[in-house]
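This report refers to the structure that appears directly beneath it.
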Amino acid sequence: MPPKRTPVKKVPDSAECEAQLGALVHNRGLAQRNVTRILTILKQAEKDRSELSPAQVKVYQRSIENEKAEYVRLHQEIVAQSSADKRDEQDEHYLRFMYLYEEVSVLLESCTEKLTVPPTQQPPCVTNQQPIIVQSQSFGAPLPTFDGHYEAWPRFKAMFQDLMQRSSDSDAVKLYHLENSLKGDAAGVIDLETLQDNDYQRAWDILEERFGNKRLILESHILGLLNLKQMTRRSSKELRSLIEECTRHVENLIKLGQPLSGMSELIVVTVLSHALDGQTRELWEASMDQKELPDYKQTIEFLKQRCVILERCENSASIVSPSPKVSNRKPPTSKLVPSKTSHAALVVPTYVCDFCAGQHQNFKCSVYQKLSVDQRHTRVKELNACFNCLRKGHRSSACSSSKSCLQCSKRHHTLLHFERKRTPVNHPGTQKLAEANPVLG
């Protein structure tokens, strides 16, 4: 079989390059024309002594920022594809656009300042039309916000419309509040014509058409249930978060006409149980009749009670556990790990060996005892441990232990004693010598 050849990369000819460059220049011109259009609107409003609404000003500000970003991106691509002798010409285009952008920005900033000045302090050039006064605290509760997630749309719609029904504000003010409540992916969905016409009902029709898709809302809640976050440890905080996330999706599905029954209930309970920590899962399994199918309401009730129990235990542990005392004494070699019991606030010391990480004192380590005397010396030096008690944190000259070598009575551990005729490593006497030289508490 003949070897495969790497396909030759096709180099675009001059005609294709010119066509691409022409498209970039055209799109850059569109961005500039849009900014020019906004400038024309602002100057016309200034000439007619008419006032722009806060929503219009906000939309224009966002529009020119988007057009500027698009213009800069396209300009960079044009410069990259242009010959060196034409780059000065492209720079002139860029400077003219920046002058245009700055002029529009100044006019919009001036409009913003006029809208924030109280009506009694506005200059005489302002129109005699009744200005839109937006009250920041005109409602009994803060206005909700909507970030474009489908599952949050029904709740946002219900809360916002309920607040607006209690308000006596005009449709223009309500539209301003509505447009200002849209964040993230929902920002900018209401078109400019609707904002200019102060068409509050049309704005709701646009949002309902965009985000009121029942199928997408149902799918978002179903996916939320299938992707419940797995608990990483036994924690009341994580368990309560899991319960709230699950019940939120279930309750929203019920409101949308999708109650739990049959297979759907089994699926939800199964997904929820697999997101629990190991011990909570075992307790939940033990609480059920193994001959019956799990019930969603009973499962949620069990988990809520479990959450309360965990909170009580965690609070008790934080109150009863003794706080560490500040001492001038150097820390011992073997670290003490407090082991809590569920019956009383007792702290049972458990040693952690520095040689093998096992739960025993250093001198009782079977792994260490199997080493040669030279290797034992090397390990003690590597850990900067005491040659007398084998604990870390001090030298043998400062060791508080009254024990010494059983072979020569010098200040070193018996396991570190050199002799011409050494005791076999696995000989029973080695263990007895080790135990005869314990570490003092």
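The figures here come from the full heavy-atom set of this structure, side chains too, leaving out hydrogens, waters and symmetry mates.
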- Start with the C-alpha gap between E301 and K297, add the side-chain angles, then the distance that decides, and say whether salt bridge (Lys or Arg N to Asp or Glu O under 4.0 Å) holds. CA-CA 6 Å; E301 185 62 29; K297 291 183 179 180; over 6 Å; no
task = Could you give me the CA-CA distance, side-chain angles and deciding distance for F211 and H149, then say whether side chain to side chain contact (heavy atoms under 4.5 Å, CB included) is met?
result = CA-CA 8 Å; F211 299 106; H149 288 82; over 6 Å; no
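- W153 and F156 have tilted rings, their planes meeting at an angle from 30° to 60° on a 0 to 90° scale.
- At least one donor-acceptor pair closer than 3.5 Å links the side chain of T247 to the backbone N or O of I243.
- Judged by distance alone, the side chain of D289 and the main-chain N or O of K291 form a donor-acceptor pair under 3.5 Å.
- A side-chain N or O of Q90 and one of R28 form a donor-acceptor pair less than 3.5 Å apart.
- Side-chain contact between H394 and C389 is present, with at least one heavy-atom pair separated by less than 4.5 Å.
- Contact annotation: the side chain of Q305 never approaches that of V308 to less than 4.5 Å [non-hydrogen atoms, C-beta and beyond].
- A donor-acceptor contact closer than 3.5 angstrom links the side chains of D354 and N362.
- Crowding of R96 atom CZ: a count of heavy atoms from other residues, nucleotides or ligands under 6.0 Å exceeding 12.
- A salt bridge between E244 and R240 is absent, with no side-chain N of the basic residue lying under 4.0 Å from a carboxylate O of the acidic one.
- Between A55 and Y176 the shortest heavy-atom distance is N-CD1, 3.9 Å.
- Distance check: T299 OG1 to M288 CE gives 6.5 Å after rounding to the nearest 0.5 Å.
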Donor-acceptor list for residues 258-269 side chains, cut-off 3.5 Å, not counting sequence neighbours:
from : atom 1 : to   : atom 2 : distance (Å)
S264 : OG     : S261 : N      : 3.0
S264 : OG     : S261 : O      : 2.7
E265 : OE2    : Y296 : N      : 2.9

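- Side-chain atoms of E208 never come within 3.5 Å of backbone atoms of D205 as a donor-acceptor pair (strictly under, hydrogens ignored).
- With rounding to the nearest 0.5 angstrom, the CG atom of L303 is 8.5 Å from the SG atom of C307.
- Contact detail for V35 and Y101: the closest heavy-atom pair is CG1-CA, 4.4 Å.
- Within the 4.5 Å cutoff, the side chain of Y200 has heavy atoms near those of the M164 side chain.
- Rounding to the nearest 0.5 Å places CD1 of I78 at 12.0 Å from CD of Q20.
- Judged by distance alone, the side chain of E251 and the main-chain N or O of C246 form no donor-acceptor pair under 3.5 Å.
- In this structure the side chain of E70 never reaches within 4.5 angstrom of the side chain of N66, judged on heavy atoms.
- In this structure the side chain of F160 reaches within 4.5 angstrom of the side chain of S181, judged on heavy atoms.
- Across all their heavy atoms, S273 and W284 have their closest contact at CB-CZ3, 3.5 Å.
- For M231 against L276, the heavy-atom pair with the smallest separation is SD-CA, 3.9 Å.
- You'll find the side chain of N252 stays beyond 4.5 Å of the side chain of H249, heavy atoms only.
- Judged purely by distance below 3.5 Å, without hydrogens or angles, the side chains of D191 and T194 pair a donor atom with an acceptor atom.
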Worksheet entry | L371 and Y368: CA distance, side-chain angles, deciding distance, side chain to side chain contact (heavy atoms under 4.5 Å, CB included) verdict | CA-CA 6 Å; L371 301 176; Y368 181 71; 4.0 Å; yes
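- Of the N and O atoms on the side chains of R87 and S82, not one donor lies less than 3.5 Å from an acceptor on the other residue.
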Stepwise salt bridge (Lys or Arg N to Asp or Glu O under 4.0 Å) check, R215 with E219 = CA-CA 6 Å; R215 178 181 174 184; E219 287 183 355; 3.2 Å; yes
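- Between the side chain of E314 and the backbone N or O of S235 there is no donor-acceptor pair closer than 3.5 Å.
- When atom types are taken as modelled, the side chain of R376 and the backbone of L415 share a donor-acceptor pair closer than 3.5 angstrom.
- Of the N and O atoms on the side chains of E238 and S241, not one donor lies less than 3.5 Å from an acceptor on the other residue.
- To the nearest 0.5 angstrom, L253 atom CG is 10.5 Å from R248 atom CZ.
- Among residues two or more places apart in sequence or in another chain, the salt bridge (charged side-chain N to carboxylate O under 4.0 Å, His left out) test is passed with E109 by none.
- Contact annotation: the side chain of L42 approaches that of I38 to within less than 4.5 Å [non-hydrogen atoms, C-beta and beyond].
- By the neighbour-count criterion of 12 heavy atoms within 6.0 Å, atom CD of E193 is sparsely surrounded, having that number or fewer from other residues, nucleotides or ligands.
- Of the charged side-chain nitrogens involved, at least one lies within less than 4.0 Å of a carboxylate oxygen, so that E382 and R379 count as a salt-bridged pair.
- When all heavy atoms of A203 and I190 are compared, the closest pair comes out as CB-CD1, 3.9 Å.
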(Q) Apply side chain to side chain contact (heavy atoms under 4.5 Å, CB included) to residues L178 and W204 and explain how you reach the verdict. (A) CA-CA 9 Å; L178 176 60; W204 274 111; 3.9 Å; yes
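- The number of heavy atoms from other shown groups lying within 6.0 Å of NZ (K237) does not exceed 12.
- For the residue pair S83/D85, the side-chain donor-acceptor check at 3.5 Å is satisfied.
- For H377 (side chain) and L416 (main-chain N/O), a donor-acceptor pair under 3.5 Å exists by modelled atom type.
- By the 4.5 Å heavy-atom criterion applied to side chains, V250 and L225 are counted as neighbours.
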(message) Run the salt bridge (Lys or Arg N to Asp or Glu O under 4.0 Å) test on R62 and E179 for me, step by step, so that the C-alpha distance in whole Å, both residues' side-chain angles and the decisive distance to 0.1 Å come before the verdict.
(response) CA-CA 13 Å; R62 184 165 59 239; E179 204 274 337; 3.1 Å; yes
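- To the nearest 0.5 Å, the span separating CG on L175 from OG on S53 amounts to 7.5 Å.
- A donor-acceptor contact closer than 3.5 angstrom links the side chains of R37 and N34.
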Problem - Full working for side chain to side chain contact (heavy atoms under 4.5 Å, CB included) between H93 and Y71 - result: CA-CA 11 Å; H93 284 288; Y71 186 96; 3.8 Å; yes
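- Note that the CE atom of M159 and the CG atom of D162 stand 8.5 Å from one another [nearest 0.5 Å].
- At distances below 3.5 Å, not a single donor-acceptor pair connects side-chain atoms of R234 with backbone N or O atoms of T280.
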